[in-house]
Amino acid sequence: MEKNYAIESNKLSIHYGHFTAVRDVSIKIEPQKITAIIGPSGCGKSTLLRALNRMNDFVPGCHVTGELLLQGQNLYGRDIDPVEVRRKIGMVFQKPNPFPKSIYENIAWGARINGFKGKMDDLVEQSLRSAALWDEVKDKLQESAYALSGGQQQRLCIARTIAIQPEIILMDEPASALDPISTLRIEELMQELKKNYTIIIVTHNMQQAARASDFTAMMMIDDQRAGGVIEFDETKKIFTRPQDKRTEDYVTGRFG
């Protein structure tokens with residue numbers, strides 16, 4: 001019986017004009033697991049992550065070759081609506097970016113424009129509970145999201161993503177701007193979220209990748225300055241028994 005994957009890429013390459021930034025990435029992401037993408041600066045980690053929900057469409061001159069499959073559909077097919085792709089594959093960015101609205105409206109706004117017809121109060125509460133934030137904000141839902149701490153703002157952004165009911169959540173360095181305690185809260189939250197969502201995270205933090213992820217993709221730059229995945233396996237194997245010498249050097253701190 002063929003295994004079902006949450007998302008898979010076949011020779012996915014990302015180009016900016018004539019320059020190839022990421023070359024020939026073929027990986028299969030397990031559902032309801034956390035997959036970390038690691039590697040040195042400039043190897044295309046965030047570029048690859050943004051390609052997974054077509055955020056790179058906003059970059060002039062960017063185009064993608066190869067396949068990116070969600071439930072057997074190529075997300076870069078001509079008949080695919082990129083807005084629908086981004087509804088199914090949500091994104092949490094490096095720095096918390098709440099809307100200049102109330103805490104309540106930060107959750108409700110995205111759901112509303114995506115056609116949510118249910119009871120909004122229930123959705124807001126459920127989303128905030130899922131992001132482990134409800135107890136901290138339930139008495140100040142009409143206050144500005146900017147009044148929250150950095151860690152709370154990031155959890156609010158995660159709640160905002162959850163409210164659109166995606167299948168996959170992408171996280172681009174979600175804890176890099178946070179203090180150690182807030183970082184731990186985000187990692188604990190990811191473990192809860194993977195019960196219902198597939199999570200793909202880019203991180204520079206080796207300890208975070210080792211602690212929080214089930215699978216790890218190791219990226220490096222080739223001779224033509226294009227990034228690519230050189231190794232993809234269970235996180236435990238990547239960190240204890242890597243197959244590629246470059247991976248071993250990177251995870252042990254000897255790289256570069």
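Values below: all heavy atoms of this structure, side chains included; hydrogens, waters and symmetry mates excluded. Worth saying up front: this structure is predicted, and the values here are computed from it rather than measured.
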Requested in this report: Could you go through the side-chain hydrogen bond (donor to acceptor under 3.5 Å, both in side chains) check for S13 and T20 one step at a time?
Outcome: CA-CA 7 Å; S13 296; T20 300; over 6 Å; no
Report task. For the pair T235 and T216, evaluate side-chain hydrogen bond (donor to acceptor under 3.5 Å, both in side chains) and give the outcome as yes or no after the intermediate values. Result -> CA-CA 5 Å; T235 295; T216 296; 2.8 Å; yes
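L70 and M55 fall within a single hydrophobic cluster, where Ile, Leu, Val, Met, Phe, Trp and Tyr are joined by side-chain heavy atoms under 4.5 Å apart, directly or via other members.
In this view, H63 and H15 satisfy the ring pair (Phe, Tyr, Trp, His ring centres under 6.0 Å) rule, not counting sequence neighbours. Applying the salt bridge (Lys or Arg N to Asp or Glu O under 4.0 Å) criterion to E192, with sequence neighbours excluded, gives K195. Residues that satisfy the side chain to side chain contact (heavy atoms under 4.5 Å, CB included) test with T198, not counting sequence neighbours, are A6, I29, P31, I168. With sequence neighbours left out, the salt bridge (Lys or Arg N to Asp or Glu O under 4.0 Å) criterion links R211 to E187. Remark: E231 pairs with no residue by the salt bridge (Lys or Arg N to Asp or Glu O under 4.0 Å) rule, at least two apart or across chains. Listed by chain and residue number, R23 satisfy the salt bridge (Lys or Arg N to Asp or Glu O under 4.0 Å) test with D222 (two or more places apart in sequence, or in another chain).
Within 6.0 Å of NZ in K194 there are more than 12 heavy atoms belonging to other residues, nucleotides or ligands.
Nearest heavy-atom pair across M91 and T161 is O-OG1, 3.5 Å. What you find for N56 and T47 is that their closest heavy atoms are ND2-O, 3.0 Å. Across all non-hydrogen atoms, the minimal contact from I162 to S130 is CD1-CB, 3.8 Å.
In this structure, the side chains of I186 and Q154 come closer than 4.5 Å at one or more pairs of heavy atoms. In this structure the side chain of L12 reaches within 4.5 angstrom of the side chain of L48, judged on heavy atoms. Looking only at side-chain heavy atoms (C-beta outward), C157 and P98 come within less than 4.5 Å of each other.
Under the 4.5 angstrom side-chain criterion for Ile, Leu, Val, Met, Phe, Trp and Tyr, the cluster partners of L148 are I103, Y104, I107, F116, M120, L123, V124, L128, L133, W134, V137, L141, L156. Counting Ile, Leu, Val, Met, Phe, Trp and Tyr side chains that sit under 4.5 Å apart, directly or through other members, F99 shares a hydrophobic cluster with W109, I113.
Among residues at least two apart or in separate chains, there is no ring-ring contact (aromatic ring centres under 6.0 Å, His included) pair with a member in residues 216-240. Residue pairs meeting the salt bridge (charged side-chain N to carboxylate O under 4.0 Å, His left out) criterion with at least one partner in residues 103-115, sequence neighbours excluded, are E105-R112. Judged as a ring-ring contact (aromatic ring centres under 6.0 Å, His included), not a single pair has a partner in residues 144-179 (not counting sequence neighbours). Sorted pairs that involve residues 192-219 and meet ring-ring contact (aromatic ring centres under 6.0 Å, His included), not counting sequence neighbours, are lacking altogether.
Judged by distance alone, the side chain of E143 and the main-chain N or O of S102 form no donor-acceptor pair under 3.5 Å.
The CD1 atom of I158 sits 12.5 Å away from atom CD of Q153, with the distance rounded to the nearest 0.5 Å. Between T203 atom OG1 and I34 atom CD1 the span is 12.0 Å, to the nearest 0.5 Å. Here the straight-line distance linking atom CZ of F58 with atom CZ of R50 works out to 10.5 Å at 0.5 Å rounding.
Looking at R54 and D57, a side-chain N of the basic residue comes within less than 4.0 Å of a carboxylate O on the acidic one, giving a salt bridge.
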